[in-house]
Number of protein chains: 2
Amino acid sequence: MAKYSETIERLIEQLGRLPGIGARSAERLAFHLLKAETDDALALSDAIRAVKLNVHPCKVCYNLAESDVCSICGDPRRDHAVICVVEQPKDLLALESTGVFRGVYHVLMGHIAPLEGADAEDLTIDALVDRVKAGAVQEVILATNPNVSGDGTALHISSLLARTGVKVTRLARGLPSGGQIEYSNKGVLSDAITERRQF
Amino acid sequence: MAKYSETIERLIEQLGRLPGIGARSAERLAFHLLKAETDDALALSDAIRAVKLNVHPCKVCYNLAESDVCSICGDPRRDHAVICVVEQPKDLLALESTGVFRGVYHVLMGHIAPLEGADAEDLTIDALVDRVKAGAVQEVILATNPNVSGDGTALHISSLLARTGVKVTRLARGLPSGGQIEYSNKGVLSDAITERRQF
């Protein structure tokens, strides 16, 4: 197939590097941008640039931040003695949306998954241990995902924190609110039975 | 759900405006760009900017061009007396890839489809008629898509060109090379019978 001009080919190639965007989709997106109003297309270009230049990990908790410290770590009304450890900024947002937690966070930036080539050293675990060792932390809540790699990561962190004497907890396991026992799988049901609470 | 910072939300919003990219995909792409190497993300940003600033329609045929006139219109070895009329730059590239056609093109930038709100005035038909009226054109090949809107567009153009006296042809219809009669639909088979050629 004949080629488009170099500028267009470069755009198609760059779009094709995005996850889930194949060669055909990249071409379609490139043509959309070609047809779009210049202002709209440049707004996307500028938005990408702004994110790369302005957004950094928070120096304390590794949440996404536009200054040295994220808005949660910089908030004096939050309880800095309780750290909730999450895998990703997305998890942090999901927990924040409940409005239930008033402590601060620590974002691991992934989980331990040796088969995916993700080792403990790639995560921000050392920084978490340093935060705890620096004192003033009373509780660390491990809020990793309730799956094999999340549980493994939580286990690894809890063993590291055991020596510091800090209280280490994890999120509750059980039936998902709004769900049905009939359609729950064995793992969910065993958690629900094992972790039953007095009424 | 809690929100990301303004810069990130703006990127997600801009990505979500792309065709086929929903809110979830936009968020995923934004996080990919956040994690990506700064150089890689800025390469995408720059590629979008370059396309909008450098690529314009060719002044003669409305193909995509990075100078006033596209590479085909500017090529003296092409036969400028034969104009092949296509709907989109993509169609032009597909025809070019055969290497069979040595004339020049005219890109309509769409087809007539009143139900989609695409009228003849939105296309570059006037410019095509002007090119033909300017003389030196011997043949116009209508290479619109072999479907209702493509055929309608071709019919409209041929009626406009009838007064100029130029020879107007269209692409052949028949069995697709490599296809099977057994699986061909009625439209294809009727074309194949009607347009049969002497062996």
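Below, chain A is the first sequence line, B the second, and so on; all start at residue 1.
- Heavy-atom pairs under 4.5 Å with chain A were tallied for L92(B), L44(B), I8(B), L53(B); the largest tally goes to L44(B).
- Looking at L95(B), there are no atoms closer than 4.5 Å to chain A (heavy atoms on both sides), in backbone or side chain.
- For the options N54(A), T38(A), L15(A), L34(A), heavy-atom pairs under 4.5 Å to chain B are most numerous at L34(A).
- Contact count versus chain A (heavy atoms, under 4.5 Å) is highest, among C70(B), A65(B), A41(B), for A41(B).
- The backbone N or O of A127(B) sits nowhere less than 3.5 Å from a side-chain atom of H106(B) that would complete a donor-acceptor pair.
- Nearest heavy atoms, R28(B) versus P19(A): NH1-O, 3.5 Å.
- Side-chain atoms of D91(B) come within 3.5 Å of backbone atoms of Q88(B) as a donor-acceptor pair (strictly under, hydrogens ignored).
- Only the side chain of L64(B) comes within contact range of chain A, with at least one heavy atom under 4.5 Å from a heavy atom of that chain.
- A salt bridge links R78(A) with E96(A); the closest basic N to acidic carboxylate O contact falls under 4.0 Å.
- Of the charged side-chain nitrogens involved, at least one lies within less than 4.0 Å of a carboxylate oxygen, so that R170(A) and E195(A) count as a salt-bridged pair.
- Remark: the backbone N or O of N145(A) is paired with a side-chain donor or acceptor of E87(A) at under 3.5 angstrom.
- Annotation: maximal heavy-atom pairing with chain A below 4.5 Å, among M109(B), R49(B), R17(B), occurs at R49(B).
- In terms of non-hydrogen atom pairs under 4.5 Å with chain B, the most contact-rich of A43(A), A47(A), S71(A), S45(A) is S45(A).
- For E13(B), no part sits under 4.5 Å from any heavy atom of chain A, backbone or side chain.
- Checking side-chain atoms of D119(A) against main-chain N and O of D122(A) turns up no donor-acceptor pair under 3.5 Å.
- Taking chain A as the reference chain and counting heavy-atom pairs below 4.5 Å, the highest number among L33(B), L29(B), V51(B) is found for V51(B).
- Interface remark: of the candidates E66(A), E6(A), R10(A), E66(A) forms the most heavy-atom pairs closer than 4.5 Å to chain B.
- Annotation: maximal heavy-atom pairing with chain B below 4.5 Å, among S25(A), G20(A), A36(A), occurs at A36(A).
- Rounded to the nearest 0.5 Å, atoms NE2 (H80(B)) and CD (Q138(B)) are 13.0 Å apart.
- If you measure heavy-atom distances from D40(A) to chain B, the contacts under 4.5 Å come from both the backbone and the side chain.
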